[in-house]
Amino acid sequence: MSKEITNKDKDYSQWYNDLVLKGGLADYSAVRGCMVIKPYGYTLWENIRDVLDGMFKETGHVNAYFPLFIPKSFLSKEADHVEGFAKECAVVTHYRLKNDPDGKGVVVDPEAKLEEELIVRPTSETIIWNTYKTWIQSWRDLPILVNQWANVVRWEMRTRLFLRTAEFLWQEGHTAHATSEEAVAEAEKMLEVYANFAEEYMALPVVRGVKSANERFAGAVETYCIEALMQDGKALQAGTSHFLGQNFAKAFDVKYLSKEGKEELVWATSWGVSTRLIGALIMAHSDDKGLVLPPKLAPFHVVIIPFISKNPDETQALREKANEIKSLLKAKGIRTQIDDDETKRPGFKFAEYELKGYPVRVVIGPRDLTNGVAEVARRDTGEKQSVSLENIDQTIDQLLEDIQKNLYQKALSFREEHITQVDTWDEFMDVLENKTGFVSAHWDGTPATEDKIKELSKATIRCIPLNNKLEEGKCILTGQPSKQRVLFARAY
RNA sequence: CGGGGUGUAGCGCAGUCCGGUUAGCGCAUCUGGUUUGGGACCAGAGGGUCGCAGGUUCGAAUCCUGCCACCCCGACCA
């Protein structure tokens with residue numbers, strides 16, 4: 001069958017690609033490293049976006065939009081920042097094409113060279129802080145709590161659908177504050193927003209933490225992150241929030257006059273999540289039959305499949321009943337689709353909607369109609385039950401809640417089982433190789449040791465969990481004293 | 001950027017080693033019919049610059065040279 005997907009255990013990467021492509025989320029495009037997000041995948045993104053956007057508004061943020069292009073000079077104003085992004089920037093050098101003198105299409109017009117080259121934004125700190133300079137004069141102008149939904153480009157060497165593409169969609173919040181404390185509080189607050197979103201909506205348990213110096217965002221003083229675990233035991237950073245200190249205020253000379261009449265540098269944060277979340281969603285819950293989507297984000301909650309009968313009257317009655325159920329569900333805010341396509345057989349449809357991850361399937365045939373029931377199947381466990389048509393809306397409403405909870409619980413158990421404490425290097429390597437997942441181990445706190453561990457094991461420090469328990473110990477690599485355990489893992 | 005692999009119909013592939021009629025198969029598509037409680041069946045039809053550009057040859061999907069694209073694994077990254 002053309003729709004068959006690779007078994008997860010056989011080839012996890014191929015399984016993932018199959019889900020994305022055959023599940024109808026995205027396609028490869030004509031441009032290297034760039035993907036086409038198809039309607040089904042885009043709806044998923046819209047659902048993610050809408051919920052997050054509501055959360056941002058709830059926490060006092062407003063949306064704005066800044067240019068796609070950044071003057072090259074801006075990027076070089078913050079030393080760490082340039083270094084972090086310089087290697088993966090797309091650059092616009094010309095502004096015009098002309099007909100090829102040899103008659104073969106168009107060529108870049110050498111006459112149309114830009115005075116100053118433009119960088120396609122890999123992130124917007126620089127263009128935004130250059131703008132904030134003009135917005136901020138007084139303490140009364142602060143804080144600025146702005147978010148933007150945008151695309152960014154990072155010219156990655158190696159790309160993967162949703163997880164790492166050259167162009168991707170995201171949101172980036174950029175805030176300006178009068179004090180360091182306020183900015184830190186903002187960064188922490190937004191991390192918590194992300195964590196809540198991941199857990200409540202994506203049914204994805206995450207570890208909240210801070211990054212080590214090596215893994216910190218280029219230009220940040222502190223990077224907070226949420227880390228999730230995928231079914232293959234690899235970690236995935238699902239969101240980050242940065243306390244930028246005064247680095248960008250210094251670089252762009254953004255100062256305000258305090259209540260005391262003193263000129264002060266502004267404090268900053270930035271935070272973002274991207275379409276990568278869709279990759280996380282896929283890898284966290286799906287199985288060998290296809291996607292498994294949490295109800296709170298699934299494009300559709302329910303598909304109703306009426307059986308087609310030989311008897312036209314019966315078929316008509318089934319269609320009507322399907323519509324009736326749909327209306328009932330719709331009244332409860334349940335997103336429902338009816339598939340009464342007569343050219344496809346039921347078995348085909350079952351497989352198709354399982355592949356697409358619809359949380360609930362409702363099947364209704366002549367026998368059900370007589371008995372006043374429908375067959376309701378849940379995607380997460382595959383269980384089927386005969387349900388009375390009387391209060392099917394309530395049953396399904398409850399079922400969707402159960403599915404959402406069950407997905408979270410399943411992912412949580414998996415995550416808990418895959419955080420392993422180790423105290424020796426041999427154990428460390430053994431867990432990474434065989435058990436996989438997060439490894440909680442002592443580290444002497446130096447970047448050099450972290451690099452060495454990465455080199456030897458391919459594992460990185462995913463984070464130092466927030467409110468981490470302090471505990472005396474010895475670094476698994478160097479034996480030097482350590483005050484706390486940190487989480488290592490191989491990661492996406 | 002290194003290593004490996006693949007480019008032949010919308011998708012998946014065979015054919016390439018060893019050149020030779022009209023390039024084939026499965027799925028999908030279209031038409032007609034029979035079907036429909038877990039990926040239906042029968043009959044017929046349409047669909048191809050064999051990745052691109054050169055070259056060798058009477059003759060190239062097949063041999064030679066160059067290029068390009070994509071996938072996988074590594075280094076780098078959200």
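We use all heavy atoms of the structure for the numbers below, so side chains are in, but hydrogens, waters and symmetry mates are not. Here is the naming used below: chain letters follow the sequence lines, and residue numbers restart at 1 for every chain.
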P spacing across the pair B:G2 / B:U16, given as an integer number of angstrom: 32 Å
Base, sugar-phosphate, or nothing for A:Asp11, non-hydrogen atoms under 4.0 angstrom? nothing
When rounded to the nearest Å, what value does the distance between P atoms of B:C63 and B:G19 take? 9 Å
Using a 4.0 Å heavy-atom cut-off across all strands, classify A:Glu455 as base, sugar-phosphate, or nothing. nothing
Rounded to the nearest 0.5 Å, the OG1 atom of A:Thr449 sits from the CG atom of A:Leu477 at a distance of 6.0 Å
For residues A:Ser124 and A:Gln148, is any side-chain donor paired with an opposing acceptor at under 3.5 Å? yes
Once you apply the 3.5 Å cut-off to both distances, tell me the Watson-Crick or G-U wobble partner of B:A40, or none. B:U34
Against the six-membered ring of A:Phe217, is A:Lys211 placed for a cation-pi contact (under 6.0 Å from the centre, within 45° of the normal)? no
Quote, to the nearest angstrom, the P distance that separates B:U21 from B:G59. 15 Å
Between B:G12 and B:C64, how far apart are the two P atoms, rounded to whole Å? 26 Å
Quiz question: going by heavy-atom distance under 3.5 Å, is there a donor-acceptor pair between the base of B:G38 and the side chain of A:Glu352? no
Tell me whether the side-chain N/O atoms of A:Lys344 come closer than 4.0 Å to OP1 or OP2 in B:U36. no
If you measure from the Lys or Arg side-chain nitrogens to the Asp or Glu carboxylate oxygens, is any gap between A:Glu192 and A:Arg208 under 4.0 Å? yes
For B:C52, the Watson-Crick or wobble counterpart (both distances under 3.5 Å): B:G66
Please report the distance separating the C1' of B:A14 from the corresponding atom of B:U6, rounded so that it comes out in whole Å. 15 Å
Identified pairing partner of B:U22, criterion: Watson-Crick or G-U wobble below 3.5 Å: none
Does the structure show a Watson-Crick or G-U wobble partner for B:U16, both distances under 3.5 Å? Name it, or say none. none
Round to a whole Å and report the spacing from CH2 of A:Trp15 to C1' of B:C72. 17 Å
Scan nucleotides 73-78 of chain B nucleotide by nucleotide, 5' to 3', and note B when protein non-hydrogen atoms come under 4.0 Å of the base, S if they reach only the sugar-phosphate, - if neither. BBBSBB
Is A:Arg121 positioned over the aromatic face of A:Phe66, cation under 6.0 angstrom from the ring centre and no more than 45 degrees off axis? no
Polar pair under 3.5 Å, donor/acceptor by atom type, side chain A:Lys289, base B:G39: no
Considering only atom C1', compute the distance from B:A61 to B:G7 and round it to an integer number of Å. 12 Å
Which one is paired to B:A75, where only Watson-Crick or G-U wobble pairs with both distances under 3.5 angstrom count? none
May I ask you to decide whether A:Asp451 forms a salt bridge with A:Lys454, counting only side-chain N to carboxylate O separations under 4.0 Å? no
Distance check, C1' atoms only: B:A69 and B:A28, in whole angstrom units. 25 Å
With a 3.5 Å limit on both atom pairs, tell me what B:U29 is paired to, counting Watson-Crick and G-U wobble, or say none. B:A45
5'-most contact on RNA chain B: A:Lys310 or A:Ala351, nearest heavy atom basis? A:Lys310
Could you write out each protein N or O paired with an N or O of nucleotides 40-45 of chain B at a distance under 3.5 Å?
residue: B:A40; atom: OP2; partner: A:Arg345; partner atom: NH1; Å: 3.1
residue: B:A40; atom: O4'; partner: A:Arg345; partner atom: NE; Å: 3.4
residue: B:A40; atom: O4'; partner: A:Arg345; partner atom: NH1; Å: 3.2
residue: B:A40; atom: N9; partner: A:Arg345; partner atom: NE; Å: 3.4

Looking only at the aromatic ring of each residue, does the gap between the centers of A:His81 and A:Phe248 stay below 6.0 angstrom? yes
Euclidean distance for P, B:C11 against B:G5 (whole angstrom): 24 Å
